[in-house]
K.L.:
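Submitted below is the structure of interest, expressed as structure tokens.
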Amino acid sequence: MEATFWDQRYGEDDFVYGREPNVHVRQAAERYLNASPCHVVELACGEGRNVAYLAAAGHTVTAVDFSQAGLDKTLRLTAAVGGPDAAARVTPVRADILGWRPAGGPGSVDVVVLSFCHVPAAERAGFMAGVVDMLRPGGLLVQEVFHPDQIHKGYRATSGGPHQPDMMVTLQELRSQLSAAGGTELEGQELEYVLQEGRLHAGLGAVTRYVWRKATE
């Protein structure tokens, strides 16, 4: 999809995916990110619900999306949730997530968040390799993405997601992509649950959840 599609979707006043963080992102942050502030990158941050939560919790967040309307809402929501100090910890970046790399170079990011970030099948292996590359040794990947059952079981009509099953991801694929990188799978699960994330993620959905830690060197 083009940036103009997302600009139109995010251009309305309503937060179409809600204002609260994704449940998996919040739970992972509570489990793994409470020792000290982290540099977090969220790719395809959308309207900023996860960014706002993470910045309000004290983390520095680079919010990457190719929709300017989404980035504008990200900053507004962060200021509303965490105040000006939280908003100052957010760096919005308008870019294509497939080609973007952090300014600090490889190994400069503590955490990468992928929350319903769907990449074409032909691009996914290279995309995930880039995610691994940007993480520091011991860095964390937190991901929730729709599983192909989202379409096969007819959930998409109410809880959203791409039109094509091959845009969605299984746990087996994630394990295969990350096995060569070493590291440790901390959480891996395929499940169905009722999404309550604004009007476009509302209803039973099929997802894959993953938390993975990069090997220390």
K.L.:
Only distances under 3.5 Å count here; give the side-chain donor-acceptor pairs of residues 61-70 to other protein atoms, sequence neighbours excluded, each with its distance to 0.1 Å.
P.N.:
residue	atom	partner	partner atom	Å
Thr62	OG1	His39	NE2	3.0
Asp65	OD1	Ser67	N	2.9
Asp65	OD2	Cys45	N	3.2
Asp65	OD2	Gly46	N	2.8
Ser67	OG	Asp7	OD1	2.7
Ser67	OG	Ala69	N	3.4
Ser67	OG	Gly70	N	3.0
Gln68	NE2	Asp72	OD1	2.9

K.L.:
With the 4.5 Å side-chain cut-off for hydrophobic clustering, are Val90 and Val25 part of the same group?
P.N.:
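Cluster IDs for Val90 and Val25 match.
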K.L.:
Please, which pairs that meet side-chain hydrogen bond (donor to acceptor under 3.5 Å, both in side chains) have at least one residue in residues 88-114, sequence neighbours excluded?
P.N.:
Asp110-Arg136
K.L.:
Just so I know, are the side chains of Val112 and Leu43 near enough to count as touching, which here means a heavy-atom distance under 4.5 Å?
P.N.:
yes
K.L.:
Hey, does Thr60 have a side-chain heavy atom less than 4.5 Å from the side chain of Cys38?
P.N.:
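A side-chain contact under 4.5 Å is absent here.
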K.L.:
Check side-chain hydrogen bond (donor to acceptor under 3.5 Å, both in side chains) between Arg124 and all other residues, then give those that pass, not counting sequence neighbours.
P.N.:
Glu173
K.L.:
Please determine whether residues Val194 and Leu200 belong to a single hydrophobic cluster, defined as Ile, Leu, Val, Met, Phe, Trp and Tyr linked transitively by side-chain heavy-atom distances below 4.5 Å.
P.N.:
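No, because Val194 and Leu200 fall into different hydrophobic clusters, even though each may have its own neighbours under 4.5 Å.
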K.L.:
Under the rule for ring-ring contact (aromatic ring centres under 6.0 Å, His included), what residues qualify as partners of Phe116, not counting sequence neighbours?
P.N.:
Phe146, His201
K.L.:
For residues His118 and Pro162, report the shortest heavy-atom separation together with the two atoms involved.
P.N.:
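Shortest heavy-atom contact: CG-CG, 3.6 Å.
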K.L.:
Establish whether Tyr17 and Phe5 are linked, either directly or via other cluster members, by ILVMFWY side-chain heavy-atom contacts under 4.5 Å.
P.N.:
yes
K.L.:
Taking only residues two or more places apart in sequence or in another chain, which ones pass salt bridge (charged side-chain N to carboxylate O under 4.0 Å, His left out) with Glu192?
P.N.:
Lys153
K.L.:
So, for Ser115 and Arg49, which heavy atoms are closest and what is the spacing to 0.1 Å?
P.N.:
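Closest approach of Ser115 to Arg49, heavy atoms only: OG-NH2, 4.0 Å.
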K.L.:
Who pairs with Glu144 by side-chain hydrogen bond (donor to acceptor under 3.5 Å, both in side chains), at least two apart in sequence or on another chain?
P.N.:
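With neighbours one apart ignored, the set is Tyr193, Arg209.
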K.L.:
Suppose we screen for ring-ring contact (aromatic ring centres under 6.0 Å, His included). Which residues come up paired with Tyr210, at least two apart in sequence or across chains?
P.N.:
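Testing Tyr210 for ring-ring contact (aromatic ring centres under 6.0 Å, His included), a comparison that skips the adjacent residues, returns none.
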K.L.:
For Met168 and Val145, what are the C-alpha separation, side-chain angles and deciding distance, and is it a side chain to side chain contact (heavy atoms under 4.5 Å, CB included)?
P.N.:
CA-CA 7 Å; Met168 302 177 184; Val145 66; 5.7 Å; no
K.L.:
Let me have the donor-acceptor pairs involving side chains of residues 51-58, under 3.5 Å, with sequence neighbours excluded, atom names and distances please.
P.N.:
none

K.L.:
Are Val132 and Trp212 close enough, and set up right, to give a side chain to side chain contact (heavy atoms under 4.5 Å, CB included), and what steps lead you there?
P.N.:
CA-CA 10 Å; Val132 171; Trp212 177 85; 4.0 Å; yes
K.L.:
Under the rule for side-chain hydrogen bond (donor to acceptor under 3.5 Å, both in side chains), what residues qualify as partners of Asn22, not counting sequence neighbours?
P.N.:
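Scan of Asn22 (side-chain hydrogen bond (donor to acceptor under 3.5 Å, both in side chains), adjacent residues dropped) gives Glu197.
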K.L.:
Work out which heavy atom in Glu190 is nearest to a heavy atom in Leu171; give both atom names and the distance.
P.N.:
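Minimum heavy-atom contact is OE2-N, 2.8 Å.
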K.L.:
With the 4.5 Å side-chain cut-off for hydrophobic clustering, are Leu178 and Val119 part of the same group?
P.N.:
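As far as the 4.5 Å side-chain criterion goes, Val119 and Leu178 are connected within one cluster.
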K.L.:
Report the distance from atom CD of Gln150 to atom OG1 of Thr208, rounding to the nearest 0.5 Å.
P.N.:
10.5 Å
K.L.:
Determine whether a donor-acceptor pair (N or O, by modelled atom type, separation under 3.5 Å) exists between the side chain of Thr78 and the backbone of Ala87.
P.N.:
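No: the side chain of Thr78 does not pair with the backbone of Ala87.
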K.L.:
Output the distance between atom CG (Leu186) and atom CG (Leu141), rounded to the nearest 0.5 Å.
P.N.:
10.0 Å
K.L.:
Measure across Leu135 and Lys214 and return the closest heavy-atom pair with its distance rounded to 0.1 Å.
P.N.:
O-NZ, 2.7 Å
K.L.:
In this structure, are over 12 heavy atoms from other groups packed under 6.0 Å from Glu20 atom CD?
P.N.:
no
K.L.:
Residues two or more places apart in sequence or in another chain: which of them pass ring-ring contact (aromatic ring centres under 6.0 Å, His included) with Tyr10?
P.N.:
Trp6
K.L.:
For the hydrophobic clusters of this structure (ILVMFWY residues joined by side-chain heavy atoms under 4.5 Å, transitively), does one cluster hold both Leu71 and Leu75?
P.N.:
no
K.L.:
Do you know which two heavy atoms are closest between Val211 and Ala28, and how far apart they sit?
P.N.:
CG2-CB, 4.3 Å
K.L.:
Quick one, Val16 and Arg199 - any side-chain contact, counting heavy atoms below 4.5 Å?
P.N.:
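A side-chain contact exists here, since the closest heavy-atom pair is under 4.5 Å.
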K.L.:
Just by modelled atom types, is the Arg156 backbone N or O under 3.5 Å from a matching donor or acceptor in the Ser159 side chain?
P.N.:
no
K.L.:
Suppose we screen for salt bridge (charged side-chain N to carboxylate O under 4.0 Å, His left out). Which residues come up paired with Glu42, at least two apart in sequence or across chains?
P.N.:
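With neighbours one apart ignored, the set is empty.
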K.L.:
Applying side-chain hydrogen bond (donor to acceptor under 3.5 Å, both in side chains), name anything that partners Arg26, two or more places apart in sequence or on another chain.
P.N.:
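Only Glu30 meet the side-chain hydrogen bond (donor to acceptor under 3.5 Å, both in side chains) criterion with Arg26.
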K.L.:
Quick one: closest heavy-atom pair of Asp149 and Tyr155, and the distance?
P.N.:
O-CD1, 4.1 Å
K.L.:
Is there a side-chain contact between Arg31 and Glu187 (heavy atoms, below 4.5 Å)?
P.N.:
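Arg31 vs Glu187: side chains touch.
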K.L.:
Between Val109 and Val131, is a side chain to side chain contact (heavy atoms under 4.5 Å, CB included) present by the stated rule, with each step listed?
P.N.:
CA-CA 9 Å; Val109 175; Val131 168; over 6 Å; no
K.L.:
Test side chain to side chain contact (heavy atoms under 4.5 Å, CB included) on Val111 and Leu33 and set out the steps.
P.N.:
CA-CA 9 Å; Val111 184; Leu33 308 186; 3.5 Å; yes
